[in-house]
Engineer: 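Can you read through this structure? Questions will come right after.
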Amino acid sequence: MIKSKSTQQTQAGTAGGGADANKSSSKQKCSEDECDIIGELIGKYGKWQFYMTFLLSLFQVPNTFHISSPVFQAAHKNYWCQRPAELNQTPVELWRNISQSEDNCHQINYKWNEISSDQISSDFRPPSNSSEIACKSWEYDWNDNLGNTWTSEWDLVCEKEYLKNVAEMFFLLGVATGGIISGYLSDKFGRKTMLFNSAFLQTIFGIALYFADSFEIYLALRTLLGLVSVSVTYAGLILAIEYVDGKWRTIAGMYNLFPLPISYMMISGIAYLTQDYKVLQLCIGLPGIFLCFLWFVVPESPRWLLCKGRIAEVKEVIKTAARINKRELPHNIEKLLKPPDEDEANEGFTDLFRSRYLRLITICFLCIWFTMNLVYYGLILNMNTFGGNVYLNSVSEGAGWHRVYILNDKETDVNTSHRYQFSFLGQGNVSL
């Protein structure tokens with residue numbers, strides 16, 4: 001029979017002198033493991049928690065796809081000013097030489113349509129008094145194993161090349177906005193509701209990008225995609241952590257992000273096979289459809305339900321979890337499931353700054369996460385500027401992060417100090 005914390009303490013208090021030590025030890029153990037009534041009833045970690053946290057980790061796959069897709073979709077392509085129809089057979093290097101288009105953005109003003117490829121030779125020179133004009137259209141290298149990208153679709157070259165960075169800035173703007181509001185909405189409407197609504201919208205926006213014909217519409221959709229993608233990450237992570245108890249909260253949080261490095265390697269293969277930003281977008285958008293069906297499998301967080309006083313729903317989740325975990329529940333389970341005090345339930349963001357200790361911890365974590373995200377997104381979104389093969393670079397990056405997750409989890413499991421975690425993260429970045 002599983003007993004609540006209060007029941008254990010009451011029995012310990014009535015047991016006499018020798019039981020006082022047991023009571024103190026029980027309190028200390030409970031404090032160290034951060035256990036609560038939910039954890040006591042269904043267990044800190046079992047088959048049910050394994051199944052649920054595994055299913056939740058799958059949401060990180062399309063998430064990672066959407067975050068890292070610009071590495072391939074916005075990859076730099078070699079380009080040059082478009083040759084006139086009469087000079088299509090002229091070698092590119094010869095054309096660049098005679099048109100004096102060293103920067104591939106300007107060429108001399110000459111009536112190129114009045115000559116043919118047969119008249120062009122290496123010693124051909126236009127009149128010396130010819131003026132320079134900006135190129136109006138471009139040609140691209142289609143033998144670079146990159147295929148059709150943002151660059152070739154919308155001619156994001158020369159004075160428009162900065163728009164590729166603008167597209168990512170808009171995406172990260174959506175991420176920043178979603179990071180602020182997703183926590184509040186998760187607390188108000190529930191982790192499951194927030195997760196699946198965000199996943200549904202992520203799928204809609206991801207597939208809609210395939211049909212976007214203008215760059216402006218593409219920017220707007222990428223912004224909305226960033227907003228809901230970070231909501232999927234946070235809601236899924238919180239839900240996974242609230243399914244478990246004790247030290248398993250740290251481990252479950254790390255395992256929830258375990259598909260990230262695998263997804264980096266997967267999207268490299270998909271991008272190599274498709275070599276078209278639209279087809280790639282469709283391939284990474286469709287998997288979200290299947291994840292939406294997990295609504296009928298994944299339950300709401302029992303801890304959130306308990307805080308909201310929805311006891312009947314908590315009981316259903318606990319009964320299912322206990323049955324799968326093969327835990328025997330007490331008969332008076334309704335008496336054990338008591339919502340927290342109103343003051344405790346109404347605690348919010350501002351409470352993190354009311355005491356000196358919490359202010360210090362909060363500010364430190366804000367600085368740490370800002371730095372980590374700056375490095376993380378800097379590495380991910382600039383992978384195509386590192387030189388070499390962009391597909392192999394992405395696979396190597398995924399392998400490096402995979403090693404970091406495995407080693408960091410191992411060290412966390414044996415309760416070593418936090419310096420090892422930072423050490424392994426640093427090693428992963430250096431290995432890239």
Side-chain angles (χ1 to χ4, degrees), residues 53 56-71 165-206 209 219-242 249-250 252-261 263-264 284-285 288 291 301 303-304 347-353 358-382 401 405 425:
T53 52
L56 289 174
S57 70
L58 298 180
F59 285 88
Q60 301 301 336
V61 176
N63 241 12
T64 308
F65 285 168
H66 291 303
I67 291 173
S68 59
S69 61
V71 172
N165 293 329
V166 171
E168 283 317 291
M169 182 185 73
F170 271 71
F171 177 81
L172 294 177
L173 178 63
V175 170
T177 306
I180 294 173
I181 66 175
S182 63
Y184 169 78
L185 295 177
S186 292
D187 288 340
K188 185 173 183 178
F189 299 106
R191 286 75 163 101
K192 176 184 176 179
T193 301
M194 189 64 187
L195 171 64
F196 282 93
N197 284 338
S198 299
F200 175 75
L201 292 175
Q202 182 187 59
T203 303
I204 296 298
F205 296 145
L209 284 168
L219 279 180
L221 289 173
R222 282 287 295 177
T223 305
L224 295 173
L225 185 65
L227 189 149
V228 296
S229 292
V230 72
S231 300
V232 171
T233 297
Y234 289 165
L237 181 62
I238 294 171
L239 193 54
I241 292 174
E242 292 186 354
R249 293 176 181 173
T250 301
M254 293 175 56
Y255 277 162
N256 185 257
L257 302 176
F258 200 76
L260 267 67
S263 301
Y264 292 137
I284 65 179
L291 291 177
S301 165
R303 290 176 170 84
W304 181 83
E347 290 179 350
F349 175 76
T350 56
D351 292 283
L352 295 174
F353 298 91
L358 283 179
R359 276 198 305 271
L360 179 63
I361 295 298
T362 301
I363 293 173
C364 285
F365 271 106
L366 287 174
C367 294
I368 291 172
W369 277 106
F370 174 82
T371 305
M372 290 178 63
N373 279 281
L374 187 67
V375 174
Y376 175 74
Y377 285 109
L379 286 171
I380 298 301
L381 300 179
N382 290 282
W401 281 110
Y405 279 118
L425 286 172

Engineer: Are side-chain heavy atoms of L227 and V175 found at a separation under 4.5 Å?
Structural biologist: no

Engineer: Heavy atoms only: give me the nearest L56-L195 pair and the separation to one decimal.
Structural biologist: CD2-CD2, 3.5 Å

Engineer: Where is the tightest heavy-atom contact between D187 and W304, given as atom of each residue plus distance?
Structural biologist: O-NE1, 2.8 Å

Engineer: Just jot down the salt bridge (charged side-chain N to carboxylate O under 4.0 Å, His left out) partners of R222, sequence neighbours excluded, or say none.
Structural biologist: E168

Engineer: Looking at L225 and G206, what are the two nearest heavy atoms and their distance?
Structural biologist: CD1-N, 4.1 Å

Engineer: Look up atom CZ in F170 and atom CG in N165, then write down how far apart they are to the nearest 0.5 Å.
Structural biologist: 12.5 Å

Engineer: How many angstroms lie between OG1 in T193 and NZ in K188, if you round to the nearest 0.5 Å?
Structural biologist: 13.0 Å

Engineer: Determine, stepwise, if the pair L291 / L58 fulfils side chain to side chain contact (heavy atoms under 4.5 Å, CB included).
Structural biologist: CA-CA 8 Å; L291 291 177; L58 298 180; 3.9 Å; yes

Engineer: Got a second to check how far I241's CD1 is from T250's OG1, nearest 0.5 Å?
Structural biologist: 7.5 Å

Engineer: Quick one: pull up OG1 in T233 and CG in L257 and give me the separation to the nearest 0.5 Å.
Structural biologist: 7.5 Å

Engineer: Drop me the distance from L185's CG to S231's OG, to the nearest 0.5 angstrom.
Structural biologist: 7.5 Å

Engineer: Do F59 and F196 come close enough that some side-chain heavy atom pair is under 4.5 Å?
Structural biologist: yes

Engineer: Might you point out which heavy atoms bring V61 and P259 nearest each other, and give the distance in Å?
Structural biologist: CG2-CB, 4.0 Å

Engineer: Kindly indicate whether the side chain of T53, heavy atoms from C-beta on, has any atom under 4.5 Å from the side chain of Y255.
Structural biologist: no

Engineer: Between M194 and L239, is any pair of side-chain heavy atoms under 4.5 Å apart?
Structural biologist: no

Engineer: Counting C-beta onward and ignoring hydrogens, is there a side-chain heavy-atom pair between Q60 and S263 closer than 4.5 Å?
Structural biologist: no

Engineer: Compare every heavy atom of I67 with every heavy atom of P70, then report the nearest pair and how far apart it is.
Structural biologist: CD-O, 3.3 Å

Engineer: Tell me the salt bridge (charged side-chain N to carboxylate O under 4.0 Å, His left out) pairs involving residues 359-370, sequence neighbours left out?
Structural biologist: none

Engineer: Can you name the closest pair of heavy atoms from Y234 and G179 and give their distance?
Structural biologist: CE1-CA, 3.6 Å

Engineer: Look up atom CG in L172 and atom OG1 in T177, then write down how far apart they are to the nearest 0.5 Å.
Structural biologist: 10.5 Å

Engineer: Could you tell me whether a side-chain N or O of R303 sits under 3.5 Å from a main-chain N or O of E242, the two making a donor and an acceptor?
Structural biologist: yes

Engineer: Quick check against the 3.5 Å criterion: does R191 have a side-chain atom that pairs as donor or acceptor with the backbone of S186?
Structural biologist: yes

